[in-house]
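The structure presented is a predicted model; accordingly, all values stated were derived computationally and were not measured. Throughout, protein chains are lettered first and strands after them, A, B, ... in sequence-line order, and every chain is numbered starting at 1. These values consider heavy atoms only, across backbone and side chains, with no hydrogens, waters or symmetry-generated copies.
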Protein chains: 2
Amino acid sequence: MAEDVFKALADPTRRRILDELVERDGQSLFEICTRLVTKHGLGLSRQAVSQHLAVLESAGLVVTRREGRYKFHDLNTEPLKRIMTRWLRPGAPEDTP
Amino acid sequence: MAEDVFKALADPTRRRILDELVERDGQSLFEICTRLVTKHGLGLSRQAVSQHLAVLESAGLVVTRREGRYKFHDLNTEPLKRIMTRWLRPGAPEDTP
DNA sequence: TTGATAGGCAAGTCGCTACTTGCCTATCGT
DNA sequence: ACGATAGGCAAGTAGCGACTTGCCTATCAA
């Protein structure tokens, strides 16, 4: 669980995607895709972004809702909140790697 | 900078090390090593731990002080604090991947 | 000074992961 | 019905990252 969140956050592109979703929630795959390419000069394929979104979703950082042929992506900060305090208050470990 | 912190946090063993340092600050390499092996049944070599500590240090999460033939490791939570708020308040991106 | 302890350096192996390519399904407009 | 749009699945490739192995340096105790 925490494992998935940390691994999801490890990739720069995925963090960029989260940035995008903070700025505008509920974007489709193609929207995110074009945003990443145009705004930040990242050159990546649609599938690459799709796979990143899958990682973020299975980490719980992104939730999706389908409408027709569109799939919208929303940010979910709950997993983040649960993680951040881990080393800040002395001291309590929680997850099993 | 932020890149290094996220990558450092991506590994379970390194998170365990941080857990150890929260619990008892200023441990040596060998102390951390034995703790990891005995308390959590992790089977890893001294060099493995040493390399993990190097990653944590260059991410700024751990600071070291040398005394004679000992090198003590202390936790530094500053990089964490700087990172956590990134996606919590809507919205402002900050690092360049 | 010698041996033991604490740590560092460098090269090599292996597995995971990010990304691509190619093809397939589903929904919408006309 | 047709084509175009939005997305999914699967296999393959390449590079990075965790870990090992072997050897080397430095400090302390006897």
Side-chain angles (χ1 to χ4, degrees), chain A residues 2-21 24 26-38 40-59 61-74 96-97, chain B residues 2-21 24-38 40-59 61-74 97:
Chain A
E3 171 75 18
D4 302 319
V5 180
F6 283 113
K7 285 206 174 163
L9 293 177
D11 188 88
T13 306
R14 282 196 288 270
R15 293 197 299 274
R16 279 272 177 243
I17 292 178
L18 293 182
D19 289 337
E20 272 307 318
L21 290 179
R24 181 203 275 208
Q27 295 188 56
S28 75
L29 170 59
F30 273 70
E31 283 179 290
I32 298 173
C33 220
T34 22
R35 289 273 193 118
L36 288 178
V37 174
T38 63
H40 331 278
L42 309 185
L44 21 71
S45 68
R46 180 181 56 88
Q47 282 76 1
V49 179
S50 177
Q51 285 166 8
H52 281 305
L53 285 170
V55 173
L56 289 170
E57 185 172 5
S58 72
L61 290 165
V62 161
V63 291
T64 60
R65 53 196 157 89
R66 242 216 141 103
E67 287 179 23
R69 57 177 161 174
Y70 298 97
K71 188 179 181 185
F72 298 110
H73 302 263
D74 299 283
T96 313
Chain B
E3 171 74 20
D4 302 319
V5 180
F6 283 113
K7 285 205 174 163
L9 293 176
D11 188 89
T13 305
R14 282 196 288 268
R15 293 197 298 274
R16 279 271 177 247
I17 292 177
L18 293 183
D19 289 338
E20 272 307 319
L21 291 180
R24 179 203 277 205
D25 221 7
Q27 295 188 56
S28 74
L29 170 59
F30 273 70
E31 284 179 289
I32 298 173
C33 219
T34 23
R35 290 273 193 117
L36 288 179
V37 173
T38 62
H40 331 276
L42 308 186
L44 22 72
S45 68
R46 179 181 57 87
Q47 282 76 1
V49 180
S50 176
Q51 286 166 9
H52 281 306
L53 285 171
V55 174
L56 289 171
E57 186 173 5
S58 71
L61 289 165
V62 161
V63 290
T64 60
R65 52 195 157 91
R66 243 216 140 104
E67 286 179 24
R69 56 176 163 178
Y70 298 97
K71 188 180 179 183
F72 298 110
H73 302 262
D74 299 285

Next on the checklist: Please report the interatomic distance CG(A:Leu42) to CD1(A:Ile17), rounded to the nearest 0.5 Å.
Outcome noted: 9.0 Å

Checklist outcome for this item: Protein-proximity profile, nucleotides 19-25 of chain D, B/S/- by nucleotide at the 4.0 Å heavy-atom cutoff, equals BBBB---

Checklist entry - Among all residues two or more places apart in sequence or in another chain, which pass the side chain to side chain donor-acceptor pair (under 3.5 Å) test with B:Thr64? => result B:Glu57

Item to check | Residue pair A:Asp19 / A:Arg16, side-chain heavy-atom distance below 4.5 Å | outcome: yes

Item to check | Terminal axes of the helix from C:dT1-D:dA30 to C:dT30-D:dA1 (five pairs each): angle between them, nearest 10 degrees | outcome: 30°

Checklist entry - Can you tell me how far the CZ atom of B:Arg24 sits from the CZ atom of B:Arg35, to the nearest 0.5 Å? => result 4.0 Å

Checklist entry - How many Å lie between CD1 on B:Ile32 and P on C:dA6, as a whole number? => result 13 Å

Checklist entry - Taking only residues two or more places apart in sequence or in another chain, which ones pass side chain to side chain contact (heavy atoms under 4.5 Å, CB included) with A:Arg46? => result A:Leu29, A:Phe30, A:Cys33

Checklist entry - Distance from A:Glu20 atom CD to A:Leu36 atom CG, nearest 0.5 Å? => result 6.0 Å

Checklist entry - Atom CG of B:Leu53 and atom C1' of C:dA6: how far apart are they, to the nearest Å? => result 13 Å

Checklist entry - Between the main-chain N or O of B:His73 and the side-chain N or O of B:Arg65, is there a donor-acceptor pair closer than 3.5 Å? => result no

Checklist entry - CZ of B:Phe30 versus P of D:dT27: gap in Å, rounded? => result 16 Å

Checklist entry - To the nearest Å, how far apart are B:Phe72 CZ and C:dA6 C1'? => result 10 Å

Item to check | Separation of atom NZ in B:Lys7 from atom P in D:dG15, rounded to whole Å | outcome: 15 Å

Checklist entry - Rounded to the nearest 0.5 Å, what separation is found between the CG atom of A:Asp11 and the NZ atom of B:Lys7? => result 8.0 Å

Side-chain donor/acceptor pairs under 3.5 Å, residues 47-56 of chain B, sequence neighbours excluded:
| residue | atom | partner | partner atom | Å |
| --- | --- | --- | --- | --- |
| B:His52 | ND1 | B:Arg14 | NH1 | 3.1 |

Checklist entry - Nearest-Å distance, CG (B:Leu29) to P (D:dT27)? => result 17 Å

Checklist entry - Is B:Arg66 close to B:Lys71 at the side-chain level, that is, under 4.5 Å between some pair of heavy atoms? => result yes

Item to check | Any B:Ser50 side-chain N or O less than 4.0 Å from OP1/OP2 of C:dG8 | outcome: yes

Checklist entry - Could you give the distance from CG (B:Leu21) to CD1 (B:Ile32), rounded to the nearest 0.5 Å? => result 4.5 Å

Checklist entry - How many Å lie between CG on A:Leu56 and C1' on C:dT17, as a whole number? => result 14 Å

Checklist entry - Going by heavy atoms closer than 4.0 Å, what residues in residues 62-70 of chain B are next to DNA chain D? => result B:Gly68, B:Arg69

Item to check | Distance, rounded to the nearest Å, where B:Lys71 contributes NZ and C:dG7 contributes C1' | outcome: 8 Å

